[in-house]
Amino acid sequence: MNQHCKSRVCPDCSSRKRRDWRDKYLPHLEKIDPSELRFMTLTLRNQEDLHGGMGRIIKHFKKLRLREMAECFNGGLVGYEAHLGGDGHWNIHCHVLYHGNYIDQAELSVTWKKITGDSEVVWVSSVLGKGYKCKYRNKHISAQQSALDYILKYVVKGVGVNVDVDSWSGVSIRDDEDWNQVGIGTALSPFELKNEARSAGDARWTVESLSQFLVYLHKSRLLQPFGSFIG
C-alpha cells in the first residue's frame, strides 16, 4: 500500500488531494448553469497573527453570506489562503466559487469594508465563458471544471519544500538566526507565470514562517462547502 505524508506543503499529496476534491464537487457543479456561477476574492489587510487573522476572515465571510448579502448566495465553496507578505506580516484572503446572484464589485467592496472595518480590496466575476480546450489532455474543459480548478490550486498548492543547495551554505543548526536566512519554496510554473496567477508557491518562505503555517493551521479546513454544496 502506498504511504502518503498528507502534509500541506507536499506537492505529491497536494495533487492527490486536489484530484479527490475535484471528483467530489465537479459532478454537482456540472449540474449548475455556468451563468449562475461566480468567482469572488476577499482580502484582509496584512495581519501580524496568522491564527487570529484566519479566524477573522472566516468570521467575516460568514457574516457576508448569512447576513449582509444572504440573498445572493445559494451555496458554494470557499478556499482560504495565507502566505508571508513583503512587510513580514501575513497576507490572508479567500477565494470563493458560489452559485447565486450577481453582486456589483463596488457594492461588495463597500460592504466588505463595513464588515472588516479596514479592508476593501475585493474581486468578483462570472464563470461563464471560462471553459477552454486543453491541448495536453486533448479534451474540452468545462467552465465549471475550470472554475473549480482555479479555486483548488490556491487551497492545495503544495509549497514544495525544495531549497537551493547554495542557500544552505554556512547554516548551522545551533544558530536560530541562520535558519531564517534559508529560503524555502518553489517558483511559479510557466503556466502560472503566463496567466499572472497569484500563489504562495512563489513566496520565499523562511523556516520560521513555514513552521507557523503548519502549526497554526494544523487540521484547519482550508476548503469549506457552504449552503447547497454541503453534503
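Just the heavy atoms: all of them, side chains too, but no hydrogens, waters or symmetry mates, feed the values below. Because the structure is a prediction, the values reported are computed rather than measured.
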(request) Can you see which heavy atom on Ala70 is nearest to which on Leu66, and at what distance? (result) CB-O, 3.4 Å
(message) Counting C-beta onward and ignoring hydrogens, is there a side-chain heavy-atom pair between Pro225 and Tyr25 closer than 4.5 Å?
(response) yes
(message) Closer than 3.5 angstrom, by distance alone: can the side chain of Arg38 be matched with the main-chain N or O of Val127 as a donor-acceptor pair?
(response) no
(request) Find the distance between OG (Ser119) and CZ (Arg45) and round it off to the nearest 0.5 Å. (result) 6.0 Å
(message) Looking at Asp118 and Arg56, is there a salt bridge between them, counting it only when a charged N and a carboxylate O are closer than 4.0 Å?
(response) yes
(message) Could you measure the distance from the CE atom of Met40 to the CG atom of Leu64? Nearest 0.5 Å is fine.
(response) 6.0 Å
(request) Would you mind checking if Arg22 and Asp149 are paired as a salt bridge, meaning a charged N to carboxylate O distance below 4.0 Å? (result) yes
(message) Which residue is it: Leu128, Leu148, Leu29? I am looking for the one with a side chain to side chain contact (heavy atoms under 4.5 Å, CB included) to Leu37.
(response) Leu29
(message) I need the Leu97 CG to Gln144 CD distance, nearest 0.5 Å.
(response) 9.5 Å
(message) Are more than 12 heavy atoms, taken from residues, nucleotides or ligands other than Glu71, located less than 6.0 Å from that residue's CD atom?
(response) yes
(request) State yes or no: do Ile92 and Val215 share one hydrophobic cluster built from I, L, V, M, F, W and Y residues joined by side-chain heavy-atom distances below 4.5 Å, directly or via other members? (result) yes
(request) Side-chain contact test, heavy atoms from C-beta onward, threshold under 4.5 Å: evaluate it for Tyr150 versus Leu152 and give yes or no. (result) no
(request) I would like to know whether Phe226 and Tyr98 meet ring pair (Phe, Tyr, Trp, His ring centres under 6.0 Å); could you show each step before the answer? (result) CA-CA 9 Å; Phe226 59 87; Tyr98 76 95; 7.8 Å; no
(request) Kindly compute the distance separating OG (Ser211) from OH (Tyr216), expressed to the nearest 0.5 Å. (result) 10.0 Å
(message) For Phe229 and His28, take the angle between the two ring planes, folded into 0 to 90°, and tell me which bin it lands in: parallel under 30, tilted 30 to 60, perpendicular over 60.
(response) perpendicular
(message) Could you check whether any side-chain heavy atom of Ile32 comes within less than 4.5 Å of a side-chain heavy atom of Glu30, counting everything from C-beta outward?
(response) no
(request) Give the minimum heavy-atom separation between Asp49 and Gly52, together with the two atoms involved. (result) OD2-N, 2.9 Å
(request) Would you check if the side chain of Gln105 reaches a backbone N or O of Val124 as a donor-acceptor pair within less than 3.5 Å? (result) yes
(request) For the residue pair Leu217 and Met54, establish whether any side-chain heavy-atom pair is separated by less than 4.5 Å. (result) yes
(message) Quick check on His51: does its NE2 atom have over 12 non-hydrogen neighbours (other residues, nucleotides or ligands) under 6.0 Å away?
(response) no
(request) Output yes when a side-chain donor or acceptor of Thr111 lies under 3.5 Å from a complementary backbone atom of Glu107, and no otherwise. (result) yes
(message) Over 60° means perpendicular and under 30° means parallel, so tell me whether Trp112 and His60 are parallel, tilted or perpendicular.
(response) perpendicular
(message) Quick check: is Val110 connected to Phe73 through a chain of hydrophobic side chains (ILVMFWY, heavy atoms under 4.5 Å apart)?
(response) no
(request) Examine Trp123 and Val96 and state if one hydrophobic cluster contains both, with Ile, Leu, Val, Met, Phe, Trp and Tyr joined whenever side-chain heavy atoms are less than 4.5 Å apart. (result) yes
(request) Of all the heavy-atom pairs spanning Cys134 and Ile141, show the shortest one and how long it is. (result) CB-CG1, 3.8 Å
(request) Kindly indicate whether the side chain of Cys94, heavy atoms from C-beta on, has any atom under 4.5 Å from the side chain of Glu81. (result) no
(message) Quick check for you: to the nearest 0.5 Å, what is the distance between Lys113 atom NZ and Leu108 atom CG?
(response) 14.0 Å
(message) Do Met69 and Ile103 have side chains that approach each other closer than 4.5 Å (heavy atoms only, starting at C-beta)?
(response) yes
(request) Applying side chain to side chain contact (heavy atoms under 4.5 Å, CB included), run through Arg67 and Ile115 and close with a yes or a no. (result) CA-CA 10 Å; Arg67 292 179 56 185; Ile115 293 172; over 6 Å; no
(message) Looking only at the side chains, is there a donor atom on one of His89 and Gln47 sitting less than 3.5 Å from an acceptor on the other?
(response) no
(request) Kindly compute the distance separating CG (Asp87) from CD (Glu48), expressed to the nearest 0.5 Å. (result) 9.0 Å
(request) State, with a plain yes or no, whether a side-chain heavy atom of Thr41 is found less than 4.5 Å away from one of Val122. (result) no
(message) Restricting to non-hydrogen atoms, name the atom on Leu77 and the atom on Leu223 that form the minimum distance, rounded to 0.1 Å.
(response) CB-CD1, 4.2 Å
(message) Assess the residue pair Tyr80 and Ile57 against the criterion (side chain to side chain contact (heavy atoms under 4.5 Å, CB included)); give the C-alpha distance rounded to whole Å, side-chain angles, the decisive distance to 0.1 Å, and a yes or no.
(response) CA-CA 9 Å; Tyr80 297 97; Ile57 197 169; 3.7 Å; yes
(message) Using every non-hydrogen atom in the two residues, find where Pro34 and Ser126 come nearest and quote the distance to one decimal.
(response) O-OG, 4.3 Å
(message) Is the shortest side-chain heavy-atom distance between Leu42 and His93 below 4.5 Å?
(response) no
